[in-house]
Protein chains: 2
Amino acid sequence: MRKPTIQDVARQAGVGVGTVSRVLNNHVAVKGATRESVLKAISDLEYTPNPHARRIAGGKSYTISVLLPVLTTEFYVRLLDGLESAFQEARYDVAIFPLLDRSRLERYLGSHTLAYQADGLVMATYNLTQMFHERRLRTQQPTVLVDAYADNVDSSFMDNVAGGRLAGEYAAKLPGQLYAVWVETELDQLFTTRVFEDRRSGFMSEVQAAGRSVRAEYTSSFDSLAARNTAATLLDDAQAAGLPCTVFASADMLAGALLDEVRLRGLRIGQDVRVIGFDDQPWAAERGLTTLHQPVESMGYEAAQLLLSRLNGYKGPPRARRFEPRLIVRGSA
Amino acid sequence: MRKPTIQDVARQAGVGVGTVSRVLNNHVAVKGATRESVLKAISDLEYTPNPHARRIAGGKSYTISVLLPVLTTEFYVRLLDGLESAFQEARYDVAIFPLLDRSRLERYLGSHTLAYQADGLVMATYNLTQMFHERRLRTQQPTVLVDAYADNVDSSFMDNVAGGRLAGEYAAKLPGQLYAVWVETELDQLFTTRVFEDRRSGFMSEVQAAGRSVRAEYTSSFDSLAARNTAATLLDDAQAAGLPCTVFASADMLAGALLDEVRLRGLRIGQDVRVIGFDDQPWAAERGLTTLHQPVESMGYEAAQLLLSRLNGYKGPPRARRFEPRLIVRGSA
DNA sequence: TCCCTTTGTGGAACGGGTTCCACAGCCCGG
DNA sequence: CCGGGCTGTGGAACCCGTTCCACAAAGGGA
């Protein structure tokens, strides 16, 4: 049996095709009773609109490209959930582009692939808009940054400076020497993020304002081995200088490595060594990690709304949606 | 200025629209001279066909979904290169779906997202077809496995058993105790792969046939810290038992951890400790790693061809394209 | 040379939506 | 009670390719 079309629905409901289309797109000018009968016909026939017909008639692709770093963290799963729920409401499809490497990025955007055909672009964490200005990417779609910001495009992000400050404020009240460990930004200039820089500056300003000294020279890449090595070095120094101490780990991943290493040395978490993380990953609650929580879904949802309003013709200056982090105090600090 | 359509091209070239369409789709029945004039008109007008119109007219989505594990290894970049080059030739778009987690997979395939609309499915490394049979996924698109195999669907893969055998055969001739380290398959039952199992069975059979004993109880997950820990444990044992020794690492990632740990201990690679990897990642040449090379692009390209032939109506039984690994001998063993 | 195939080509019909115009019915003010 | 405007709705035109049918021209066999 043929897939039902909008014509079939119109016939079944005893209305015109225009009316069915109006119901599908939530146009206001459809009377309650008419709308009901259309909806009934739709469900009776199990009708689903043909997206390609829609695209060609509407002259748009109703597709959004999302460019993501390749990381399996819960963060991006939740971010996508937020993005997709908003785009789904507006009947947009989402195409995901994992940023595997530089050449692949250029291929994504430079040729006639899905990303190129999309009506809009979402960039997560990495701000690649500079490439547009350098004319290395020729895309001109409306763009929104999420988990990143810039003053020339719309953005939806958490205030990482504020997060750093919350951590700093809290840490400043704890006894013992203060330490901090940072994530190094990626090697490739292209894929950089200011997230960790911001966390750092917030933390440092607050701690210094409180007159506390910090040993903040520890860094690690986003890799479990590197994190563990850094944790070990830091704890060597801390043990040499004398416990207790407090460590701010600018990502839960680093905090996790610290917790492991602390346990390995038979030290007591929350007493000998206090650890403050950042991200509130799913395991953080389980392991009692004091950390900063981000409203990730909301960030995604709002990013989508910003982009959708551009697609609906909004022409104003770039807007920024700033979200506030929340310090979750658990046992680790 | 409006984007040129096929009508504009036809007018410019002084031919009918049907002819233009035939040229675009490489139908044979177009004379050389006519074809030339059409091609000239296309390039003069900078015409690019509207993919959505094509989809609706053709009744297909001309889109393939590729389901990938989320790993930044060179392997998947190359695999995608192979897949995309074949699909591009056939004028198919590729949509990538990183397998972030289970719920996301079900959402991808269960609802009316891009993956669902696609004409075909490529699954890399993970064989998720069992979910179709369990009715947990309702997709019925033609499917091809790449870097994985099963007897109920088309597949394109390297013979990992043969790779293991090559490694075993080579290792069996080297002096000292033999060791082997394996990658554990993922925890989630859904995302499993037989790749490492195969490498293991190939290696073991060859080594045992040569009458050599192996200490093959070492395993690690695909994580740098875990790999390093395993490497350390293995080398502790090896040093206790006496050098020289030879280690087969069933993934270059593990081999890399071994090389690091060997250097750390001041041992000589290729003399005290010989290491054989698997994958031939880009850094392997640089670090002189003896390893097994896979024709990754070809695997991807052939997988695409298998799928395309299904899309063109091929109805035969499942086919398997098996590729042979090649042992690259460098300094490490 | 004539008729019958091939071969190559033009163009209408078609796919399934959206949009816009026209019109019916209603409400309201004068 | 009538005309003007507003609201809600039907349906034709349109979006832009692919496909198929019809037909002209060229080639081949008798």
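In what follows, chains carry the letters A, B, and so on, assigned in the order in which the sequence lines appear, proteins first and then strands, with residues in each chain numbered from 1.
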Is there a donor-acceptor contact under 3.5 Å linking the side chains of [X] and [Y]?
{"X": "Arg91(B)", "Y": "Asn25(B)", "result": "yes"}
{"X": "Ser298(B)", "Y": "Arg321(B)", "result": "no"}
{"X": "Tyr301(A)", "Y": "Ser156(A)", "result": "no"}
{"X": "Thr63(B)", "Y": "Arg55(B)", "result": "yes"}

Just how far, in rounded Å, is [atom2] of [N] from [atom1] of [X]?
{"X": "His52(A)", "N": "dC14(C)", "atom1": "NE2", "atom2": "C1'", "answer": "17 Å"}
{"X": "Lys3(B)", "N": "dC14(D)", "atom1": "NZ", "atom2": "P", "answer": "21 Å"}
{"X": "Ile6(A)", "N": "dT19(C)", "atom1": "CD1", "atom2": "C1'", "answer": "12 Å"}
{"X": "Ile42(A)", "N": "dG17(C)", "atom1": "CD1", "atom2": "C1'", "answer": "13 Å"}
{"X": "Tyr62(A)", "N": "dG17(C)", "atom1": "OH", "atom2": "C1'", "answer": "9 Å"}

Categorize [X] for me: base, sugar-phosphate, or nothing, with a 4.0 angstrom heavy-atom threshold over every strand shown.
{"X": "Val20(A)", "value": "nothing"}
{"X": "Gly32(A)", "value": "nothing"}
{"X": "Gly59(A)", "value": "nothing"}
{"X": "Tyr47(B)", "value": "sugar-phosphate"}

Exercise for review: Please state whether the phosphate of dT18(C), meaning OP1 or OP2, lies under 4.0 angstrom from any side-chain nitrogen or oxygen of Ser21(A).
Suggested key: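 It does, given that an N or O in the side chain of Ser21(A) lies less than 4.0 Å from OP1 or OP2 of dT18(C).
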
Review point. Side chain of Arg55(B), base of dG15(C): donor and acceptor closer than 3.5 Å?
Key: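 Under the 3.5 Å cut-off, the side chain and the base do not form any donor-acceptor pair.
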
Practice item. Report yes or no: is there a donor-acceptor pair, N or O only, under 3.5 Å between the side chain of Arg22(A) and the base of dG11(D)? Key: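 Indeed there is one.
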
Check your understanding: Between Lys31(B) and Arg91(B), which has a closest nucleotide on DNA chain D that is more 5'?
Key ->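 In this pair, the answer is Arg91(B).
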
